[in-house]
Amino acid sequence: MIQFSQCSQCLAIVMFGFALVGCGDSNTPPLGEVQGQVTFNDAPVDGCNVVFVPLEGGRSSSAVTDSDGRYVLKFNATSAGALVGEHKVQLTTGRDRVASDEGALRDAGRKEFFPKEYNSETTQIVEVSGRKNVIDFHVVGK
């Protein structure tokens, strides 16, 4: 009788653990998956920082484009996507020069080549739905 009682308790603990794992994070707000491509004069942009800032407040989502100019937004370390709703979008290509502690150049950096309407004074507004969103940015400039 004692063995049956202990076994029942173990089973109950294991089942409760499985239930918790299946629930996920109930504190995560509604998100929409967001992916797309960033191009400049029809060429893909590698290493572009893409940031979606919710107009109604809340956590921003971000990504960095790959060599094909493609990005997939992350909301946080464990959740992909962006908050559902309207967002200002900042696209930044510039980065600072980086040197090692010994003074060796690690990254020569890169001057910003997007117009300010895409980053510091962005006019880019997009809507993220609760589904999959493909949002491309085709920037034209000098």
Side-chain angles (χ1 to χ4, degrees), residues 3-142:
Q3 286 180 332
F4 179 72
S5 177
Q6 288 175 339
C7 186
S8 295
Q9 289 175 344
C10 288
L11 184 60
I13 290 170
V14 168
M15 295 303 289
F16 181 71
F18 281 127
L20 286 178
V21 170
C23 290
D25 184 2
S26 62
N27 294 327
T28 302
L31 301 175
E33 293 179 31
V34 181
Q35 62 182 339
Q37 184 181 34
V38 178
T39 60
F40 184 69
N41 294 334
D42 294 323
V45 180
D46 184 17
C48 177
N49 290 307
V50 179
V51 180
F52 278 46
V53 181
L55 291 182
E56 293 189 13
R59 183 186 198 104
S60 297
S61 296
S62 63
V64 176
T65 58
D66 64 14
S67 60
D68 293 324
R70 302 217 173 270
Y71 72 92
V72 177
L73 286 183
K74 291 286 282 181
F75 180 71
N76 59 30
T78 59
S79 300
L83 292 172
V84 171
E86 287 189 312
H87 295 257
K88 270 188 171 182
V89 180
Q90 299 170 331
L91 304 175
T92 308
T93 60
R95 59 180 183 259
D96 293 334
R97 180 177 183 258
V98 178
S100 69
D101 291 340
E102 295 80 31
L105 186 62
R106 286 186 170 174
D107 185 342
R110 178 168 68 184
K111 187 175 180 178
E112 181 63 53
F113 56 84
F114 279 168
K116 62 185 175 188
E117 295 80 28
Y118 288 90
N119 43 64
S120 63
E121 297 176 19
T122 187
T123 58
Q124 308 307 303
I125 306 292
V126 298
E127 178 80 24
V128 173
S129 72
R131 301 188 268 316
K132 289 187 178 187
N133 301 264
V134 177
I135 303 174
D136 295 331
F137 298 94
H138 302 292
V139 182
V140 177
K142 298 176 187 180

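Residue indices begin at 1 and follow the sequence shown.
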Which pair of non-hydrogen atoms, one from V34 and one from A82, has the smallest distance, and what is that distance? CG2-CB, 4.1 Å
Please report the closest heavy-atom contact between P115 and V139, naming both atoms and the distance. CD-CG1, 3.9 Å
Minimum heavy-atom distance between F137 and Y71, given as atom pair plus value: CE1-OH, 3.6 Å
Can you pull out every side chain to side chain donor-acceptor pair (under 3.5 Å) where at least one residue sits in residues 34-44? Sequence neighbours excluded, please. T39-H138
Taking only residues two or more places apart in sequence, or in another chain, which ones meet E86 in a side chain to side chain contact (heavy atoms under 4.5 Å, CB included)? L55, I125, E127
Within-4.5 Å side-chain heavy-atom neighbours: L83 and F52: no
What closest approach, in Å, do S67 and P44 show between heavy atoms, and which atom pair accounts for it? O-CB, 3.9 Å
Can you tell me how far OG of S60 sits from NZ of K88, rounded to the nearest 0.5 angstrom? 11.5 Å
Minimum heavy-atom separation for V45 to F114, with atom names? CG2-CZ, 4.0 Å
Where do S79 and L31 land on the side-chain contact (heavy atoms from CB on, under 4.5 Å) test, with the steps shown first? CA-CA 9 Å; S79 300; L31 301 175; 3.9 Å; yes
Heavy-atom closest pair, residues L91 and C48: CB-SG, 4.0 Å
Which side chain to side chain donor-acceptor pair (under 3.5 Å) pairs, counting each pair once, include a residue from residues 116-125, with sequence neighbours left out? E112-N119
With a 6.0 Å cut-off (strictly less than), is the heavy-atom count around NZ of K74, excluding the residue itself, greater than 12? yes
Measure from the side-chain N and O atoms of D68 to the backbone N and O of R70, and report whether any donor-acceptor pair falls under 3.5 Å. no
Expected output: side-chain N49 to main-chain V64 donor-acceptor under 3.5 Å: no
